[in-house]
Amino acid sequence: MKRRPLAQRYARVLHDLGRESSELDRLAADLARVLDVFSEHPELRQRFESLAVPAREKQELIESVFGDRVHPWVGNLLRLLVRRRRETLLPDIVAEFTALRDREAGVLEAEVEAAAELDAATRQRLEEELARTLGARQVRLAVRVRPELLGGLVVKIGDRRLDASLRRRLVQLHRRLATGGHA
């Protein structure tokens, strides 16, 4: 089975439990905390994900590092992943959980490619305009600088892509000129 559908199933169950119990915020914070710990201590993540480390040791690692410092459902998820040998799914599960929570709250993620870094005011205007256009409560931007765009922006939200770059306009103009204006 592919990773993404499996991660979506785990995330959906955890999200549904959190919504029914009004614990979504706590679950999200604890999932983020687990990823932060693994990010800050790569040796722990390596032990958690390694096929060479016995499940019993991984269970002890979960208990000693996270114990009662995370919601019981987050601890149960970690133990279940170890039992099923699916430890490497954790980052995908957290990403899917976050996406479900954001979607429900009317928050969209947008990837933006720009020719130059966006200042705070431009970034805020773009977030507000995208939210208004898409009917979202909020839009969060992940900006990547790509000087080859020359100017303008390329915005990706889900499977939608809006290319308003100067490079695209120049390519279109070039095609029209090459075909005698009939393109």
Side-chain angles (χ1 to χ4, degrees), residues 1-113 118 120 123-124 126-128 130-131 134-144 155-161:
M1 175 172 265
K2 292 188 178 188
R3 291 176 59 89
R4 188 169 178 106
L6 196 52
Q8 287 173 331
R9 285 199 337 231
Y10 282 104
R12 167 62 64 193
V13 169
L14 192 58
H15 179 269
D16 290 348
L17 286 169
R19 188 176 22 152
E20 291 168 10
S21 65
S22 301
E23 296 273 2
L24 272 177
D25 291 340
R26 167 118 190 257
L27 291 172
D30 288 352
L31 287 169
R33 183 175 307 123
V34 169
L35 288 186
D36 286 347
V37 167
F38 284 149
S39 177
E40 292 169 12
H41 304 281
E43 71 283 358
L44 290 178
R45 180 179 181 176
Q46 214 168 20
R47 281 184 56 210
F48 179 72
E49 292 180 350
S50 173
L51 296 174
V53 175
R56 177 186 40 76
E57 283 184 37
K58 292 180 184 184
Q59 300 290 357
E60 291 169 4
L61 169 94
I62 293 167
E63 192 55 40
S64 67
V65 174
F66 302 109
D68 60 357
R69 291 177 285 285
V70 295
H71 192 286
W73 293 335
V74 172
N76 289 345
L77 172 68
L78 296 173
R79 287 186 283 280
L80 179 62
L81 292 174
V82 167
R83 274 197 308 276
R84 300 240 172 117
R85 301 180 61 89
R86 295 178 174 159
E87 299 91 332
T88 59
L89 280 178
L90 183 62
D92 294 332
I93 293 168
V94 175
E96 291 295 332
F97 179 89
T98 302
L100 286 168
R101 183 171 170 250
D102 286 350
R103 194 173 315 126
E104 190 172 275
V107 177
L108 294 176
E109 296 279 337
E111 295 175 28
V112 176
E113 297 173 347
L118 301 179
R123 187 182 181 103
Q124 183 176 353
L126 182 57
E127 287 172 345
E128 290 169 357
L130 287 171
L134 299 168
R137 195 180 57 105
Q138 178 186 356
V139 172
R140 268 192 237 127
L141 299 181
V143 180
R144 186 169 56 135
V155 179
K156 237 177 89 177
I157 299 176
D159 58 355
R160 290 194 241 176
R161 179 182 160 103

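Side chains are part of it too, since the values below use all heavy atoms of this structure and drop only hydrogens, waters and symmetry mates.
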Which atom pair, heavy atoms only, marks the closest approach of [X] to [Y]?
X      : Y      : result
Val139 : Ala110 : CG1-CB, 3.8 Å
Pro91  : Leu35  : CA-CD2, 4.2 Å
Glu63  : Arg69  : O-NH2, 4.5 Å
Glu87  : Lys58  : OE2-NZ, 2.7 Å
Phe97  : Ala11  : N-CB, 3.5 Å

Do the non-hydrogen side-chain atoms of Leu108 and Leu130 ever get within less than 4.5 Å of each other? no

Phe66 side chain reached by Leu78 side chain, heavy atoms, under 4.5 Å: yes

Partner of Leu14 under side chain to side chain contact (heavy atoms under 4.5 Å, CB included), chosen from Leu24, Leu27, Val94: Leu27

Roughly how far, to the nearest 0.5 Å, is CZ of Arg86 from CG of Leu77? 11.5 Å

I need the Leu6 CG to Ile93 CD1 distance, nearest 0.5 Å. 7.0 Å

Partners passing side-chain hydrogen bond (donor to acceptor under 3.5 Å, both in side chains) against [X] (at least two apart in sequence or in another chain):
X      : answer
Arg101 : Asp25
Gln124 : Glu128
Glu57  : none

Does the pair Asp36/Arg33 count as a salt bridge with the N-to-O cut at 4.0 Å? no

Presence of salt bridge, Lys156 and Glu113, under 4.0 angstrom: no

Residues forming a side chain to side chain contact (heavy atoms under 4.5 Å, CB included) with Arg83, sequence neighbours excluded: Gln59, Arg79, Leu80

Please list, chain by chain and in numerical order, all residues satisfying salt bridge (charged side-chain N to carboxylate O under 4.0 Å, His left out) with Glu109, sequence neighbours excluded. Arg140

Listed once per pair and sorted, the ring pair (Phe, Tyr, Trp, His ring centres under 6.0 Å) pairs that draw on residues 41-63, sequence neighbours left out: Phe38-Phe48

Does Leu141 offer a backbone N or O that forms a donor-acceptor pair with the side chain of Arg123 under 3.5 Å? yes

